[in-house]
Number of protein chains: 4
Amino acid sequence: MNHKGTSASIIKAAEILFAEQGFAETTVRQITSKADVNLAAINYHFGSKKGLIQAVAEKFLTPLCTELTSMLEQRQSSTDAGQVTLDELLEILMRTLLVVNRDNVNALAVFMRLLELSYMQNQEELREFLVARYQDTLQPFILLLREDAAPMEDDEFFWRLHFLLGSITFTLSNFQTLHTIEKREYQRGAEVEKILHRMIPVLSAGLQARADKTYFCRV
Amino acid sequence: MNHKGTSASIIKAAEILFAEQGFAETTVRQITSKADVNLAAINYHFGSKKGLIQAVAEKFLTPLCTELTSMLEQRQSSTDAGQVTLDELLEILMRTLLVVNRDNVNALAVFMRLLELSYMQNQEELREFLVARYQDTLQPFILLLREDAAPMEDDEFFWRLHFLLGSITFTLSNFQTLHTIEKREYQRGAEVEKILHRMIPVLSAGLQARADKTYFCRV
Amino acid sequence: MNHKGTSASIIKAAEILFAEQGFAETTVRQITSKADVNLAAINYHFGSKKGLIQAVAEKFLTPLCTELTSMLEQRQSSTDAGQVTLDELLEILMRTLLVVNRDNVNALAVFMRLLELSYMQNQEELREFLVARYQDTLQPFILLLREDAAPMEDDEFFWRLHFLLGSITFTLSNFQTLHTIEKREYQRGAEVEKILHRMIPVLSAGLQARADKTYFCRV
Amino acid sequence: MNHKGTSASIIKAAEILFAEQGFAETTVRQITSKADVNLAAINYHFGSKKGLIQAVAEKFLTPLCTELTSMLEQRQSSTDAGQVTLDELLEILMRTLLVVNRDNVNALAVFMRLLELSYMQNQEELREFLVARYQDTLQPFILLLREDAAPMEDDEFFWRLHFLLGSITFTLSNFQTLHTIEKREYQRGAEVEKILHRMIPVLSAGLQARADKTYFCRV
DNA sequence: AATGAATGAGTATTCATTCAT
DNA sequence: CATGAATGAATACTCATTCAT
């Protein structure tokens with residue numbers, strides 16, 4: 001097996017296991033065993049387990065950023081003067097995520113786990129890394145979301161964005177589990193594409209909902 | 001320190017650490033060290049680390065179930081014939097969650113982490129335990145949600161529920177982190193109560209949004 | 001085997017192996033295996049391999065400092081006004097080293113290896129630790145040596161002290177080897193006491209030798 | 001880079017690292033990395049790490065033996081009938097060591113580390129190799145030392161030789177460290193030549209000191 | 001002649017758990 | 001009732017060496 005083969009099969013195995021179990025719960029033994037490579041191969045190719053996680057992350061961070069930016073520019077130039085609607089913005093987001101998913105069905109789940117992980121209190125380093133990586137790409141997108149959302153304070157919008165983020169990360173991190181449950185309960189299992197599409201009107205409505213000024217006083 | 005004292009201080013320390021770091025990332029050494037008790041005390045009092053997690057869970061599962069049922073009954077009886085609105089249902093849910101939070105600010109985060117954990121592929125046991133525990137309590141509540149939601153297929157509703165669940169678990173698991181970011185960025189940090197309240201119109205709108213039948217065909 | 005037993009047998013085994021092989025070359029597996037205790041016992045009792053080395057060091061650092069100080073004071077008080085001779089000073093030093101050797105024949109070798117190690121370029125930490133530990137005890141002794149040595153510049157004395165230190169550390173670190181060679185070559189093997197005693201006139205003469213001002217110019 | 005270039009740069013890098021850190025503590029990765037050659041190059045060119053150490057040793061063993069023999073013969077022939085003095089013998093030794101040091105400032109330190117290593121209990125192989133290599137060259141020199149030393153038993157002389165060896169190996173192995181300390185403490189740092197020269201009267205006096213027959217009985 | 005890839009045996013350390021008292 | 005001591009299995013990682021090309 002040549003270099004690319006070993007390196008690639010490690011990443012492939014890691015994506016599956018990271019998606020299934022999370023990062024900390026997955027051991028390098030499990031990964032090398034599943035990839036059928038030597039135990040030391042991860043350290044040889046990626047320096048450390050952390051290096052492997054970064055390599056897995058890089059694999060979709062780059063195309064994702066590129067894709068989101070290009071899609072956004074394309075849409076803005078094609079729309080004559082008028083504003084891009086909220087549904088269109090969310091569709092762009094979902095299409096971007098599908099690009100990540102195109103090559104590997106687990107990559108998207110790993111990416112979402114990485115996002116979740118970054119919100120843990122002791123993961124400031126990862127958080128800052130992702131912010132530094134995404135800031136420029138996401139900021140314009142978020143501003144457009146804000147324009148189309150219901151009028152609200154900055155902090156209100158901050159929380160709504162994270163309600164939305166929670167829906168996306170939870171659904172996609174645990175897609176396999178949810179897919180399995182759906183098949184068992186309803187004898188049908190939707191593809192990721194469908195689920196992403198289904199999210200659009202829900203998230204759109206959530207962002208456009210009028211903020212309630214009252215504060216637990218009706219009951 | 002007597003039995004109750006030891007046991008309680010272990011749970012207290014565990015809640016904080018589980019909320020901050022997650023279950024797998026928290027070691028029994030950290031817990032016993034923080035609780036200032038003997039290393040063997042966790043196994044002595046709770047049988048195992050898993051037993052401790054269950055004990056921590058039980059601490060809020062019971063009052064939570066009781067509260068949700070009683071609130072629901074109270075509301076249904078007080079409303080003359082007419083239907084309970086979606087916002088009212090969600091407010092009941094949020095009030096129920098606040099009950100958990102009343103005693104310990106970390107308990108809610110731990111509960112949410114437990115819910116997240118239960119959706120991992122290799123956590124069927126925990127998932128089944130929670131279903132068995134919650135089924136009877138939640139089923140009536142979910143049916144009421146369904147009545148007030150936009151008309152849709154069963155599987156569509158299944159996914160919408162999980163979009164909603166994602167928003168709640170993500171926001172509350174990572175509340176401390178989000179709270180810290182909000183304070184840094186906007187010079188204000190909202191309390192849990194406020195955030196739960198803010199979620200209501202968003203989730204409500206999400207459930208009531210009309211499902212889009214088209215399927216990525218507009219582009 | 002009780003605590004003291006395990007802890008002590010680890011230290012005992014470690015002293016032998018450190019003396020024979022050096023610190024880096026000795027593995028925790030070798031130590032625990034020789035001590036017939038669990039592999040994790042070193043980490044349990046001493047925190048780490050480094051912690052074990054420090055424990056081994058502490059075992060003779062304390063009595064050594066105490067002994068040297070008390071012997072020095074005793075000698076100075078007993079000598080009426082007159083100066084303590086160089087041979088007497090060196091004898092005090094050797095007697096002090098024998099105190100370390102009393103309990104364990106390897107302890108002295110380990111101590112000497114530790115001194116040698118402390119002069120490695122990347123062992124500044126250890127060096128500073130030993131200086132901090134010995135400074136107060138050794139400074140008075142060294143000043144007395146200086147008084148009895150031939151008159152010379154400070155830097156000249158600095159190097160002479162290290163010529164002397166080299167003789168002591170080399171001989172005692174490798175005492176077992178030298179002892180074995182001596183037995184093979186001369187059918188007799190001297191005890192440590194004898195060797196320490198033999199060193200006295202040699203080191204004394206070395207310190208009292210007149211410094212040669214010429215500088216490789218006679219040839 | 002051609003064979004000779006690769007080989008030479010490996011030896012060069014190895015000398016520096018061996019002198020700084022010792023043999024066991026220096027990894028082939030460090031060496032090849034510093035030499036900027038392929039990781040496998042050491043095994044390719046020298047068979048093994050051990051082979052590299054031997055190659056580094058050979059580099060100064062040969063000139064050192066040649067030099068000592070020729071210097072000794074030259075001196076003996078030039079001295080008419082009379083005996084070569086102890087100081088002259090030691091000066092020959094020091095000049096010989098300087099030859100090793102001429103090409104590479106680290107070579108001498110490496111040589112001394114090798115000598116130290118050879119006295120470790122589990123390094124009989126190296127010890128025998130060095131004896132076989134040096135025996136013929138050193139034996140005449142040692143006999144001359146013996147003639148000029150104070151009259152003493154064979155075993156006494158054996159130990160004195162090793163007191164002397166300790167001074168030399170300790171000082172030169174750790175020359176960089178001692179040099180640094182001297183500069184810091186006394187604002188001056190002597191060159192190797194000066195230190196070797198300074199050692200002569202000290203070692204000379206040590207060898208000529210009258211052996212003390214009493215045995216720790218005066219106190 | 002040389003090297004990037006790979007490897008098996010090793011390293012110290014950490015883990016939750018158990019045991020004897 | 002509680003705990004200090006101990007443990008077996010696991011952790012990530014490093015080592016010098018070898019292999020295929």
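By convention in this document, chain letters (A, B, ...) are assigned in the order of the sequence lines, proteins followed by strands, and residues within each chain are numbered from 1.
- Rounded to a whole Å, the CD atom of D:Gln30 is 15 Å from the P atom of F:dT17.
- Nearest heavy-atom pair across C:Asn43 and C:Ser48 is ND2-CA, 3.9 Å.
- Computed from coordinates, the A:Leu39 CG to E:dG10 P distance equals 14 Å when rounded to whole Å.
- Results of the side-chain contact (heavy atoms from CB on, under 4.5 Å) test with B:Phe18 over B:Asn106, B:Leu114, B:Thr26 single out B:Thr26 as the only residue that passes.
- Projected onto DNA chain E by closest heavy-atom contact, B:Gly47 and D:Ala41 fall at different nucleotides, the more 5' of which corresponds to D:Ala41.
- The CG atom of C:Asn43 sits 14 Å away from the C1' atom of F:dG8 (whole-angstrom rounding).
- If you take CD1 of B:Ile10 and P of E:dA16, they are 14 Å apart, rounded to a whole angstrom.
- Distances shorter than 4.0 Å separate some side-chain N or O of C:Tyr44 from OP1 or OP2 on F:dA5.
- Taking a pair to require two hydrogen-bonding distances under 3.5 Å in either a Watson-Crick or a G-U wobble arrangement, E:dA1 remains unpaired.
- Here the P atom of nucleotide E:dC15 and the CZ atom of A:Arg29 are 17 Å apart, to the nearest Å.
- The partner of E:dT7 is F:dA16, judged by Watson-Crick or G-U wobble contacts that both fall below 3.5 Å.
- Look at A:Thr6 and you'll find a side-chain N or O under 4.0 angstrom from OP1 or OP2 of E:dA6.
- Taking a cutoff of 4.0 Å between a charged side-chain nitrogen and a carboxylate oxygen, A:Lys34 and A:Glu20 do not qualify as a salt bridge.
- At a threshold of 4.0 angstrom between heavy atoms, the contacts of A:Thr26 are confined to the sugar-phosphate backbone, with no base atom among them.
- Within a 6.0 Å sphere centred on CD of B:Glu58, heavy atoms belonging to other residues, nucleotides or ligands number more than 12.
- When the nearest nucleotides of DNA chain F are assigned to A:Ala40 and B:Asn38 by heavy-atom distance, the more 5′-ward of the two goes with B:Asn38.
- With contacts defined as side-chain heavy-atom distances shorter than 4.5 Å, the pair B:Leu52/B:Val28 does not qualify.
- Take the nearest nucleotide of DNA chain F for D:Ile42 and for A:Lys50: the residue whose nucleotide is more 5' is A:Lys50.
- Side chain of A:Thr27, nearest nucleotide from F:dA16, F:dA12, E:dG4: F:dA12.
- With a 3.5 Å ceiling on both atom-pair distances, the Watson-Crick or G-U wobble partner of F:dT11 is E:dA12.
- In this structure, D:Leu52 atom CG and F:dC15 atom C1' are separated by 16 Å, rounded to whole Å.
- Atom NE2 of C:His45 is separated from atom C1' of F:dG4 by 9 Å (rounded to the nearest Å).
- At whole-Å resolution of the value, CZ in D:Phe46 and C1' in E:dA1 are 14 Å apart.
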